[in-house]
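Letters go in sequence order (proteins before strands), and every chain restarts at 1.
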Amino acid sequence: MNKNTLGIFGLLVAIFAITALLNDKFISAYNMQNLIKWSSLYAVMSIGVAFVIITGGIDLSIGSVVGLVAVVLAYQLKVKGIDPGQAIITTMCMSLLIGLIHGLLITKAKIQPFVVTLCGLLIYRSLGRWLTDNQSLGPVPLEDDKGYANIDTINSLDQIFSGKIAITDSFNLPTPALFLLALGIAAALFLNRTIWGRYLFALGNNEDGARYSGINTDNMKIIAYVICSFMAGIAGILFAFELDSVQPAQTGEFYELYAIAAAVLGGCSLRGGVGSILGVVIAAAVIRLIYNSINMLGISTHLEFGILGIVILLGVMADEFLKRYSAQRAAAKQKES
Amino acid sequence: MNKNTLGIFGLLVAIFAITALLNDKFISAYNMQNLIKWSSLYAVMSIGVAFVIITGGIDLSIGSVVGLVAVVLAYQLKVKGIDPGQAIITTMCMSLLIGLIHGLLITKAKIQPFVVTLCGLLIYRSLGRWLTDNQSLGPVPLEDDKGYANIDTINSLDQIFSGKIAITDSFNLPTPALFLLALGIAAALFLNRTIWGRYLFALGNNEDGARYSGINTDNMKIIAYVICSFMAGIAGILFAFELDSVQPAQTGEFYELYAIAAAVLGGCSLRGGVGSILGVVIAAAVIRLIYNSINMLGISTHLEFGILGIVILLGVMADEFLKRYSAQRAAAKQKES
Amino acid sequence: KTDSEGDNDSSEARIAYVTNGVDPFWDLCAAGVRIAEKEFGIGCEVHMPTKGVVDQKRIMEGLLAKGIEGIAVSPVDAENQTPFLNEVAENSKLITQDADAPKSKRLVYIGTNNYKAGRALGKLVKEALPEGGEVIIFVGRLEQLNARQRRQGVIDELLDKPEQELSSVKFDAVDAKNLTAEGSKYTILDTRTDNFDKAKAKSNAEDAITKYENVKCMVGLFAYNPPACIDAIKEANKAGEIKVCGFDEQDALLQAIKDGNAHGTISQQPWEYGYESVKMLKNILDGKQPETSFHEVPFLVVTKDNIDEFWAKKKEMAELGKQD
Amino acid sequence: MAEARTPLLEVRGLCKQFPGVRALHEVALELHQGEVLALIGENGAGKSTLMKILAGVQPADSGEYLIESEPVRFQNVRDAMAAGVALIHQELNLAANLDLAANIFLGREPNQFGFFQNKNIHNEAAKFLKRVGLDLPTDTLVGNLPIGKQQLVEIAKALSCDARVLIMDEPTSSLSQTETETLFEVVHDLRRQGISIIYISHRLGEVKELADRVTVFRDGENAGDLAKDEISHDAMVRLMVGRDLSEFYDRQIHSPGKVVLDVEQIRTPEHPNTEVSLKIHAGEIVGIAGLVGAGRTELLQTLFGVTPALGGTIRMNGELIRPQSPRDAIAAGMALAPEDRKLHGLVLPMTVRENASLASLKRDQNKGLLNFPAEEAVAEEAVEQLQIKTPHLEQVTRFLSGGNQQKIVLGKWLALTPQLLMLDEPTRGIDVGAKREIYRLMEKLAGEGMAILFVSSEMEEVLGMADRALVMHEGRIAGELARNELSEQAIMQLATGTPLAA
Ligand SMILES: Nc1ncnc2c1ncn2[C@@H]1O[C@H](COP(=O)(O)OP(=O)(O)OP(=O)(O)O)[C@@H](O)[C@H]1O
Ligand SMILES: Nc1ncnc2c1ncn2[C@@H]1O[C@H](COP(=O)(O)OP(=O)(O)OP(=O)(O)O)[C@@H](O)[C@H]1O
Ligand SMILES: [Mg+2]
Ligand SMILES: [Mg+2]
């Protein structure tokens, strides 16, 4: 854990401690379970956007991708009665394709990421509504629902994506946490232990320089967008099974802002070239924790957004301040020696 | 009108012509009136964001500023019974203050515009909800409403901000169009005819270069954010009087995306240093026109967003393509001579 | 055959049905519209504005521009939209449905008495908790009049307050906590809002279960709230311990009623909204003026006793609506 | 004369067109094994463009490109590297967020299934760094190094490619004397190993010292070749500019006037523990010499208010000032032509007119409105006075050559007639013709009573132009040399921190 990650981890611990102190039910197994579950769902999404932000780009479309993936999945299962495994594969391919299109438009047609993904935000949302005629759909069948094929498979998928694993008598680990663990470790390995991860950092800092070093910067950027959409796709599936109901117009709305906020709070710089997966995951947890604390402490829900905004702002300011301070200290030290 | 603006103007004309051809009620006075009115409301906002984009920044908070200004205005008029003129001044000062805070955080605390205004988006929305306990409010009193002071003044303000001026027997010009005209001309003059406008373009292209030339880049950026929030504030007042209803949680939601889309479609580059007020105004009109056409042609509303997204994407792609093509042409020409 | 299809073609629609947002509830209403279209031989456009007042105003302006003859609308902010509704009423036949704008020049209001429906919901809670106990309310947003009326109905019923007149309901503060009254066995702990975010609705329910260990009944006022509560309770292994009473008729809720995981719900019979709106507008266009200004659509109390029958009806309606 | 052996690398009839600019037209180039070919030409002659084509950075429009008589067509840098061609770019191209080792092996990391095999790369990197005279821990972040050291890293990176052909595009432009000498040794070493080198420089002295052969470009075309024994300063200049240039440093000694700038004990943020004091008189040209990283740029930036001083006093014409931003400094009568003209000197996407008038807009304003006639006049005057080569005033400055860009920077300041003109590396990357014009201009301005303070890493320039030289070492002024005391040896001694033997 490096210095930046330590800061956000400190924040997590602080809010955690304060809430636990003020409300003794906060640390109940059930609440922890929920906190872990929601944190995992949002963190998966945020990891994806971190990749894009590290390349110096942005992805505003993830909320809509989450929505579209959830819609298409539920549509296939409920309306078309398609084999569940196949349905999952189709939606994953769709999210990969979306990422690929983003990447190609950004690198080959040279349109700015902000524009491409803003249009994506609009288009995918629209597609989902049009496909289902805006009917809400549940991916998981109720007792006497018709139209679903392979109800058993669907139910076991439901167990996989939104089930629980008993750890102790009272504590069950929600399966999304396992997804987060696997994807988070894979992402961190990719970023820090493979040459491609290094290429992403390099091009995020100096794209021309990376290209002159023989790196295929276009391909690397495309990969980043594909990863981002893919993670949003996974999150879409997780959300669909978690909520058991998908509303084409609403599912995933505004999630891009959460994800970007988590990435920034977790130490990614929107200028590119900087970021850590661990930081982003912790930051996603902090955001969920803030929501949970607001509920636990009985603060008006009207203030949720505001508190979140203030925490992010203060977090980023503190980070900026610490960086400058430590740079000064280092300089002073160097001078002494 | 320069080349870029010509492109978007062509798009306006094309959509206009097609819709007029397909539905004869489209060019009715009533529909034109509405089209002008909505275009003006959104264009005012978009002009503001254009200033920020020209400096190379971004403002994600304008939707929330529109909402907060509308809420505070209605709150003062309805709940507090404050003198309407004073209420207008207070809200304008508030929007200026918001812009100032953004500018200071961005220039002095050196936090990225995306982060500052994302937090703004969250905080102002929250503030508005908290202030009114999320109750919708109308700035204009209904027949037997109590609590309002100076009902006559309010009604004449209503006439000013959302009235109509008879031009012919059937056609009435909505007053927001006059606001747009005045603010648009002022903005265009400021950008193209004053030294500060030149400074904005210079710093948008190369901030260090501008600073080394003796330009107070911080102040200029602050001014851009102040103008942006101010325009959002004006738009907030216009919307409040136009809709006669302010919903703390919803008024202005997503408007930042419209405004940014209009600015980009209108020829502003998110890299900074490029932009034209006329282009932005036309682009805002194009967006409204698309909505209107979808409505008039009876296309499914589910597709609204999607069509808008596709038009923006194609518009930006065409622009990019034309730029490259014309550069090549210029090169070829030079070769010949 | 082509003729009858032509009737339903939206370009020839004479009337329009405008909702206040996008929700499964409105899809059921649309089903009723489709049925009535056929029955009365009149085309009707259905519009679901996405983004509140602005979208609604814009869409209705577009309809007027197209020369639509009649509009049935559920105003987002009925009170403050009055001037605009009057403008619409001057240029077209306007009726309100689902939510009323009593001060406007609308010809008639078709809808549920939400306060009464709230009291009926309160009665369901009393049935579920005969011994009394702590109750918590979930709702999307409280800025809608019908949401507030509903909530007040629940509160008044539980606290044994006298019945109020629909047009002049006095509301308790939105963030009032631990509402209780002398002689009443019930406490209304809190009202949590979620801004239509389903994930939020669920985590609100989860957090409530954590925070209030003695909560005995969760009341969901918007369609998606009860299923969210049911899920949360199930995951907390408190099925049976915490009762759920709801509003509207999402399948998950109906299933839970059937399984005994929820006590009951109040259905506004949304298809009636659509059906009655089209019928009313058709009559008005044919010169038959409505007799009263409030055309009440009766709500239905759904419990285990009548769940099968109701669910069958709902499915039938949805299917019928879809065929178009 | 004509050698029988085939060239290692050959280019024939190559053309390259940029929007609005004909960069290369039918150029030819030959490079033999083990030779150092110097490529020279005025700014914008097309040298860098050709090199980028050779290294696969960008494609040519037409023409042949042969390696060992085999036609090649590189799609990207990787192809070129595979064929053994490596390029050290004129602009720095390092990733500031990565460490030295990562940068040196960027794109060529030893890996297995994409995972790093990290063991050796730090040792390997250290070897290459040592070779260019950089003795730093290999896990230092590149972003923390001054620009000169970054240049050395760039060279080390190219060395690590094991290329057959190594192209160096102005490698010494931000190096000082000692580092340049280290580089020369490296070049000689490589030649001995049979590696071919294309060496681009505007410093003709270097060319003379290193080159086996010289190829000259003018306006995107071949202007001639010089064999080893024909290489001389005058010959090169003649081919480059098409005529003789005499009297390179045309200096007259003016009697210095009153003190314009009086600096006492200021401390800069980079060197907070050392104090600098100096005085500049009207009509005087003062040079600041020193090694890379000695704090010269920092000093000028502090005087100009870019990074405000930590302490000490600055007086202009006897008046105490505290410049907190360039605006303050300009108001006090200062001007600075910065070291990095693309980043700090110009707004590249803007036109000649807009750039030339940027600093004087405020003076010429009319209640905030732009004064278009005045603006035009300022730009026209700059173009005329400095003989800026531009098709028209509306030309975008990005498309101008380095020398002309530098002149626009100067024009921008001269419009304000400052009392003190500060120039940071005024001729970096500028061809001989433009160089001489800038020297002349400095002379003329000094003659008119302007005080001029310039920083230079080119020894010749300091020796030739300065009335007086200050030599900096580690943030302080190690010594001051009057014109009659100026010598290469004295400067080097002070710059390396050895006191002059009295
Ligand atoms: N990407 C580009 N787009 C447009 N014009 C360009 C581009 N790159 C180079 N040019 C132009 O091509 C011409 C040749 O430039 P080049 O950089 O090759 O010159 P050079 O000989 O290296 O000059 P210098 O000595 O200043 O480095 C110049 O006029 C330059 O402005
Ligand atoms: N961007 C930077 N980040 C960190 N340190 C820097 C930076 N720029 C300069 N320095 C430090 O400041 C010191 C002085 O640098 P400066 O550029 O003033 O030197 P200089 O003598 O002008 O050299 P040059 O010949 O490169 O211009 C250097 O030792 C370097 O470590
Ligand atoms: Mg060059
Ligand atoms: Mg320097």
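The greatest number of non-hydrogen atom pairs below 4.5 Å with chain A, out of B:Ser126, B:Ser269, B:Ala249, is found for B:Ser126. Counting heavy-atom pairs under 4.5 Å between each of A:Leu270, A:Val316, A:Ile111 and chain B puts A:Leu270 at the top. Here A:Val115 is the residue among A:Leu265, A:Val115, A:Leu131 with the most heavy-atom pairs under 4.5 Å with chain B. When B:Lys110, B:Glu304, B:Arg125 are compared by the number of non-hydrogen pairs under 4.5 Å with chain A, B:Lys110 comes out ahead. Contact tally against chain B (heavy-atom pairs below 4.5 Å) for A:Leu127, A:Leu303, A:Ile307: the top residue is A:Leu303. Note on B:Val264, B:Leu121, B:Leu313: by heavy-atom pairs under 4.5 Å with chain A, the leading option is B:Leu313. Your options are B:Val116, B:Ile260, B:Val311, and the one with the most heavy-atom pairs under 4.5 Å with chain A is B:Ile260.
Interface remark: A:Arg271 contributes backbone and side-chain atoms alike to the contact with chain B (heavy atom separation under 4.5 Å). Proximity to chain A is absent for every atom of B:Asp319, based on heavy atoms less than 4.5 angstrom apart. For a residue to count as touching a neighbouring chain, one of its non-hydrogen atoms must lie under 4.5 Å from one of that chain's; by this rule A:Phe254 touches chain B with the side chain only. Contact of B:Leu118 with chain A is made through the side chain alone, with heavy-atom distances under 4.5 Å.
B:Arg288 forms a cation-pi arrangement with B:Tyr291, by the criterion of a distance under 6.0 Å to the ring centre and an angle within 45° of the ring axis.
For B:Leu137 against B:Val71, the heavy-atom pair with the smallest separation is CD1-O, 4.2 Å.
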task = Carefully, step by step, assess B:Ile62 and B:Cys228 under the rule side-chain contact (heavy atoms from CB on, under 4.5 Å).
result = CA-CA 8 Å; B:Ile62 38 183; B:Cys228 183; 3.8 Å; yes

Residues A:Val52, A:His102; criterion side-chain contact (heavy atoms from CB on, under 4.5 Å); working and verdict = CA-CA 11 Å; A:Val52 164; A:His102 288 173; over 6 Å; no

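The distance between the ring centers of B:Tyr42 and B:Tyr255 falls below 6.0 angstrom.
The backbone N or O of B:Ser64 sits nowhere less than 3.5 Å from a side-chain atom of B:Ser61 that would complete a donor-acceptor pair. At least one donor-acceptor pair under 3.5 Å links the side chain of A:Glu256 to the backbone N or O of A:Gly63.
For B:Asp208 and B:Arg211, the salt-bridge test passes: some basic side-chain N is under 4.0 Å from an acidic carboxylate O.
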